[in-house]
Amino acid sequence: MSRYPFRATEEKWQRIWDERRSFEVTVDPAKPKYYVLEMFPYPSGRIHMGHVRNYTMGDVVARAKRAQGFNVLHPMGWDAFGLPAENAAMQKRVHPGVWTYANIAEMRSQFQQMGLALDWSREFATCDVDYYRHEQAMFLDMLERGLVYRKESWVNWDPVDQTVLANEQVIDGKGWRSGAEVERRKLNQWFFKITAFADELLGAIDKLERWPDKVRLMQTNWLGRSEGALVRFPLAGRAGSLEVFTTRPDTLWGASFMAIAPDHPLAQELARENPELAGFIDTCLKLGTSEEALERAEKLGFDTGLCCRHPLGATEDLPVYVANFVLMGYGTGAIFGCPAHDQRDLEFARKYDRPVVPVVLPADADPAAFRIDDEAYVGDGVIFNSGFLDGLDVPAAKARIIDHLEAEELGTRQVTWRLRDWGVSRQRYWGCPIPVIYAEDGEIVPVPKDELPVRLPDDVDFTSPGNPLDRHPAWKHVTLPDGRKGVRETDTFDTFVESSWYFARFCSADYDDGPFDRAAVDYWLPVDQYIGGVEHAVLHLLYSRFFTRAMSACGHLDLDEPFAGLFTQGMVTHQTYRAPDGQWLQPDEVKKVGDGWTTLDGREVVPGRVEKMSKSKRNTVDPTTIIEAYGADTARLFMLSDSPPERDLEWTDEGIVGAWRYLNRLWRLVEERRADLPAGGKGGETPTGEAAVGLRRLVHRSIAAVTTEIERLHFNKAVALVRELSNAIEAFSPTTAEDRAVLREAIETLVQLIGPMLPHLAEELWQRLGHRTLLADTAWPVADPAWLTADNVTLALQVNGKRRGEIMVPAGSDEAHVREQALADAAVIRAMAGKPPRRVIVVPDRIVNVVV
RNA sequence: GCCCCUGUGGCGGAAUUGGUAGACGCGGCAGACUCAAAAUCUGUUGCUGGCAACAGCGUGCUGGUUCGAGUCCGGCCAGGGGCACCA
């Protein structure tokens with residue numbers, strides 16, 4: 001028997017789908033739509049296994065939904081702006097655009113080899129001027145509506161990339177891409193007013209029912225809403241006051257000091273006349289660039305000599321410290337310290353010898369004896385030592401004190417967010433130009449819409465660091481319509497801007513008169529199933545949710561949430577290997593010897609952990625190599641097998657070989673039996689033979705179960721179910737015409753069920769079974785409920801909860817009958833050891849438990 | 001430090017609302033085919049004892065609820081992730 005000729009088969013069907021434009025779609029209000037989208041790739045040069053896994057999952061959903069009668073939109077494009085292109089330009093002396101489009105061509109052909117059911121007619125790259133021109137227009141719309149503004153702010157400056165990083169892009173004090181130590185600089189920046197939607201973005205999380213709980217939680221924490229009060233503490237002996245935000249106004253009577261951030265205006269002012277303080281502030285700010293250092297640093301304060309009066313006059317005056325643990329970027333940059341009920345404040349108070357007065361009494365504690373040692377009490381309890389709040393519980397005390405503060409004009413109720421506005425200016429060439437001109441007199445002039453797009457100039461030089469747009473001799477200098485001279489904004493957008501609306505552009509990718517055709521987005525959006533890596537759980541998804549609202553506010557859309565369903569898949573991992581000198585070794589440089597590994601020429605290899613495939617650890621496996629050796633279907637099957645899709649998948653050579661073996665089994669299964677099958681149409685008659693009835697039941701159970709598991713994206717279970725069905729088909733030997741009809745139904749169903757996962761093989765087998773129409777155009781099988789239930793069921797028999805035997809009874813047998821049979825069972829009688837049954841529990845069609 | 005998730009054979013993992021733990025696959029073992037190998041096929045495979053029938057033990061540890069717990073509850077341990085001086 002021949003092996004499955006995967007290469008010719010895959011080429012053949014890819015050509016046929018392409019010629020027939022099988023997966024190109026148009027708006028069709030008569031059909032239900034389904035929009036499947038995988039997070040679009042950055043064109044880095046070659047696809048990696050993570051892409052294979054991501055796009056395979058989406059493809060299974062797309063093909064299954066298509067077979068189920070949906071009008072399926074499944075597009076592909078490129079997230080094509082970004083720093084790697086500029087790095088390549090500097091290293092290889094190639095223009096970022098040339099490099100990017102060459103990468104796209106390479107990756108497109110790799111994706112095409114995978115046999116994905118994509119509508120390639122909608123393909124675009126975000127660096128296409130026909131894409132980013134619309135982004136510029138929308139920026140102007142948002143500017144007009146006050147959703148964009150400019151402010152000077154401290155930024156994280158990446159000295160290697162010569163660019164600003166968002167706070168979110170700074171990881172452990174280092175740039176998330178370059179890894180360079182981040183510095184602080186003050187620059188004028190463009191910001192999107194994402195905080196204007198904070199309430200809405202938080203409230204809508206509840207409605208994202210088809211999102212993983214984990215992602216919803218991460219977004220909730222990122223937004224970081226906290227309720228509390230703004231309280232004014234008058235300064236003693238000088239004018240002015242300190243404003244403090246607190247979530248614990250109920251502990252106000254426990255205050256024993258004040259602390260302000262090193263970059264608080266008051267601290268800065270005092271530092272001008274106090275070199276010692278200035279030095280302390282310097283130390284704090286230096287520490288502030290590295291979060292790791294901050295964490296390890298002990299809590300330090302500098303006594304300014306100033307004091308605040310307690311706003312309720314409850315205690316002595318409170319000394320004001322500058323403290324390294326207070327953040328200017330959150331709340332007001334000032335706090336009151338209540339050591340008894342905040343661990344951080346307690347540590348500070350112990351160090352600087354401030355009083356620790358408990359004001360919340362835990363239940364059952366004795367007010368006279370209650371003391372705080374080295375652990376602050378943060379739990380619930382009854383307020384004491386607190387004047388008119390005494391006796392209230394914590395929530396009641398919060399409400400009461402805020403009412404009081406507001407009545408006395410000492411403070412106000414306040415909600416504070418962790419979320420900050422989205423700074424989008426980047427000092428880079430390879431991004432979307434921000435369409436603004438600075439006139440010579442300082443006025444900021446938006447580029448008129450009819451002068452869009454502001455194109456990136458092609459003649460740029462990358463021989464020195466920094467932004468080539470900034471030192472371009474001609475591009476940046478313009479004359480305004482009124483004759484004034486001006487310079488263009490030389491910053492470009494953060495590339496998260498492009499990925500915040502690409503899903504909408506796919507709905508009408510060629511549309512010229514705006515970002516998208518309204519009818520098309522109204523039909524296709526929201527995305528029904530979005531699939532991508534969990535690393536985008538916060539930023540990309542939050543920005544897209546904001547952008548969708550902002551686009552709606554500008555009248556482009558009528559939609560809040562872009563992604564109705566979200567799935568975050570796990571990474572593809574692989575064992576790592578190192579030489580004794582610590583050098584990473586590639587998987588193809590080592591071989592297994594007994595329980596360990598050696599290099600090919602027999603030298604020692606130290607096996608490392610299983611980690612995400614990455615170039616730096618040299619543990620990658622190239623998808624193209626695999627596709628050439630085993631075909632796309634084998635690679636796809638492996639990506640879907642065994643591991644639950646949300647978890648990491650460990651690449652193993654045994655696994656890919658196992659998948660290849662299964663393809664050949666399917667091939668032989670059909671090739672060996674198809675000559676004996678009756679022609680056309682599925683057997684309509686009811687089979688009578690025991691084996692045939694059993695197979696027919698399994699076929700219908702398999703249809704129901706596989707359909708459900710694909711719907712739930714449990715692809716590993718769908719694969720297991722399909723294998724179970726093919727095992728049963730292999731074991732089935734037809735002897736009658738009736739048997740052969742059942743066998744044909746079983747084989748055809750099997751081919752249909754594997755269709756979304758192994759599209760090329762399935763299409764080929766479908767044709768070989770005599771079909772003239774494409775499997776891709778064939779409706780999904782439907783399970784007949786009549787065949788989903790069995791006549792007989794096996795009941796487990798337990799004595800005192802321990803399984804002792806089993807009996808076969810007709811399904812739905814009545815309890816008395818089952819009970820009688822169970823008590824008559826030899827194994828049960830033996831286990832009862834002569835004792836009388838005290839109780840018999842019968843769970844219909846499941847289990848009998850005899851208690852003695 | 002806070003929050004969340006995950007712990008099941010040699011391995012990846014199955015197991016509806018609490019109801020036969022280990023589906024499906026990988027690997028192993030034995031056998032068939034072959035001059036031989038590869039490929040393929042058949043059988044077997046949680047652990048311990050036993051020739052066997054069978055018995056005992058088994059879902060990180062520990063206690064509980066229940067006729068019955070991988071599943072529910074309490075405490076602990078380990079691994080992973082998120083957030084972080086967030087007031």
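Residue numbering restarts at 1 for every chain, and letters A, B, ... go by the order of the sequence lines.
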Novice: For nucleotides rC67(B) and rA14(B), find the distance between their C1' atoms and express it as a whole number of Å.
Specialist: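 Result for the C1' pair: 26 Å, nearest Å.
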Novice: I need the CZ-P distance between R216(A) and rC3(B), as an integer number of Å.
Specialist: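 Result: 20 Å.
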Novice: Just how far, in rounded Å, is P of rC2(B) from CZ of F325(A)?
Specialist: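 Whole-Å distance recorded here is 18 Å.
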Novice: Given the P atoms of rG7(B) and rC51(B), what is the spacing between them in whole Å?
Specialist: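 About 39 Å, rounded to a whole number of Å.
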Novice: Provide the distance between the two P atoms, one in rC86(B) and one in rC3(B), to the nearest whole Å.
Specialist: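 My reading of the P atoms in rC86(B) and rC3(B) gives 14 Å.
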Novice: Please report, rounded to the nearest Å, how far the C1' atom of rA21(B) is from the CD atom of E806(A).
Specialist: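 So the two atoms are 14 Å apart, to the nearest Å.
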Novice: Might you point out which heavy atoms bring A255(A) and L318(A) nearest each other, and give the distance in Å?
Specialist: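 Heavy atoms only, the tightest pair is O-CD2, 3.6 Å.
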Novice: Output the distance between atom CD1 (I281(A)) and atom CZ (F302(A)), rounded to the nearest 0.5 Å.
Specialist: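 If I round to the nearest 0.5 Å, the distance is 8.5 Å.
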Novice: So, for M258(A) and L242(A), which heavy atoms are closest and what is the spacing to 0.1 Å?
Specialist: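 Shortest heavy-atom contact: CE-CD1, 4.2 Å.
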Novice: What protein N or O atoms touch nucleotides 12-14 of chain B N or O atoms at under 3.5 angstrom, if any, and at what distances?
Specialist:
{"residue": "rG12(B)", "atom": "O2'", "partner": "S643(A)", "partner atom": "OG", "Å": "3.3"}
{"residue": "rG12(B)", "atom": "N2", "partner": "D642(A)", "partner atom": "OD1", "Å": "2.8"}
{"residue": "rA14(B)", "atom": "OP1", "partner": "N716(A)", "partner atom": "ND2", "Å": "3.4"}

Novice: Where along nucleotides 43-57 of chain B does protein come under 4.0 Å, by heavy atom, of base (B) or sugar-phosphate alone (S), with - for untouched nucleotides?
Specialist: -----------SSSS
Novice: Let's see if you can work this out: which of rC67(B), rA23(B), rU17(B) has an atom nearest to the side-chain heavy atoms of R846(A)?
Specialist: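 For R846(A), the side-chain atoms sit closest to rU17(B).
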Novice: Indicate yes or no: does R665(A) engage E730(A) in a salt bridge with an N to O separation below 4.0 Å.
Specialist: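 The answer is yes: the pair qualifies as a salt bridge.
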Novice: Counting any heavy atom closer than 4.0 Å, what does T652(A) reach on the DNA or RNA strands: base, sugar-phosphate only, or nothing?
Specialist: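 Nothing: the residue T652(A), judged by heavy atoms under 4.0 Å, touches no strand.
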Novice: Produce the list of close N/O pairs, under 3.5 Å, pairing protein atoms with atoms of nucleotides 68-71 of chain B; give distances to one decimal.
Specialist:
none

Novice: For rC67(B), does OP1 or OP2 lie under 4.0 Å from any side-chain N or O of R839(A)?
Specialist: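 Answer is yes, contact under 4.0 Å.
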Novice: Within this structure, what is the CG-to-C1' distance between L721(A) and rG25(B), rounded to whole angstrom?
Specialist: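 The distance from CG of L721(A) to C1' of rG25(B) comes to 13 Å, rounded to the nearest Å.
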Novice: rC26(B) C1' sits how many Å from W651(A) CH2, rounded?
Specialist: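 To the nearest whole Å, that distance equals 14 Å.
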Novice: Without decimals, in angstroms, what is the distance between L223(A) CG and rC86(B) C1'?
Specialist: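 Between C1' of rC86(B) and CG of L223(A): 13 Å.
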Novice: Fit a plane to each ring of F6(A) and Y4(A), take the angle between them on a 0 to 90° scale, and name the class: parallel (under 30°), tilted (30 to 60°) or perpendicular (over 60°).
Specialist: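 Plane angle between 30° and 60°, so tilted.
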Novice: With rounding to the closest Å, how many angstrom separate the C1' atoms on rG19(B) and rC26(B)?
Specialist: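 Each nucleotide's C1' atom is 30 Å from the other's.
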Novice: Think R661(A) has a side-chain N or O under 4.0 angstrom from the OP1 or OP2 of rC26(B)?
Specialist: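 For rC26(B), OP1 or OP2 has a side-chain N or O of R661(A) closer than 4.0 Å.
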Novice: I want to verify a distance call: between rU40(B), rG19(B), rC41(B), whose nearest atom is closest to the I841(A) side chain?
Specialist: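 Closest of the options to the side chain of I841(A): rG19(B).
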Novice: Produce the list of close N/O pairs, under 3.5 Å, pairing protein atoms with atoms of nucleotides 80-83 of chain B; give distances to one decimal.
Specialist:
{"residue": "rC83(B)", "atom": "O3'", "partner": "R418(A)", "partner atom": "NH2", "Å": "2.4"}

Novice: If each of E730(A) and V848(A) is mapped to the nucleotide of RNA chain B with the nearest heavy atom, which maps nearer the 5' terminus, i.e. the 5' end?
Specialist: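 Taking each residue's closest nucleotide, the earlier one in sequence belongs to V848(A).
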Novice: Whole-Å distance between rU66(B) P and I847(A) CD1?
Specialist: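 About 18 Å, once rounded to whole Å.
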Novice: Would rG9(B) be called syn or anti here, given the cut-off of 90° from 0?
Specialist: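 Syn, since the glycosidic angle lies within 90° of 0.
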Novice: Check ring-ring contact (aromatic ring centres under 6.0 Å, His included) between H264(A) and all other residues, then give those that pass, not counting sequence neighbours.
Specialist: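 Residues passing ring-ring contact (aromatic ring centres under 6.0 Å, His included) with H264(A): none at all.
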Novice: For R225(A) and rA87(B), give me the distance from atom CZ to atom P, rounded to whole Å.
Specialist: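 Distance, rounded to whole Å: 13 Å.
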Novice: Report yes if at least one side-chain N or O of R723(A) is closer than 4.0 Å to OP1 or OP2 of rA23(B); otherwise report no.
Specialist: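 No.
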Novice: Nearest-nucleotide wise, let me know which of L795(A) and F336(A) is further upstream toward the 5' end of RNA chain B.
Specialist: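 Result: L795(A).
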Novice: Holding to ring-ring contact (aromatic ring centres under 6.0 Å, His included), I want the full list of residues that pass it with F245(A), two or more places apart in sequence or in another chain.
Specialist: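 By the ring-ring contact (aromatic ring centres under 6.0 Å, His included) rule, F245(A) matches no residue at all.
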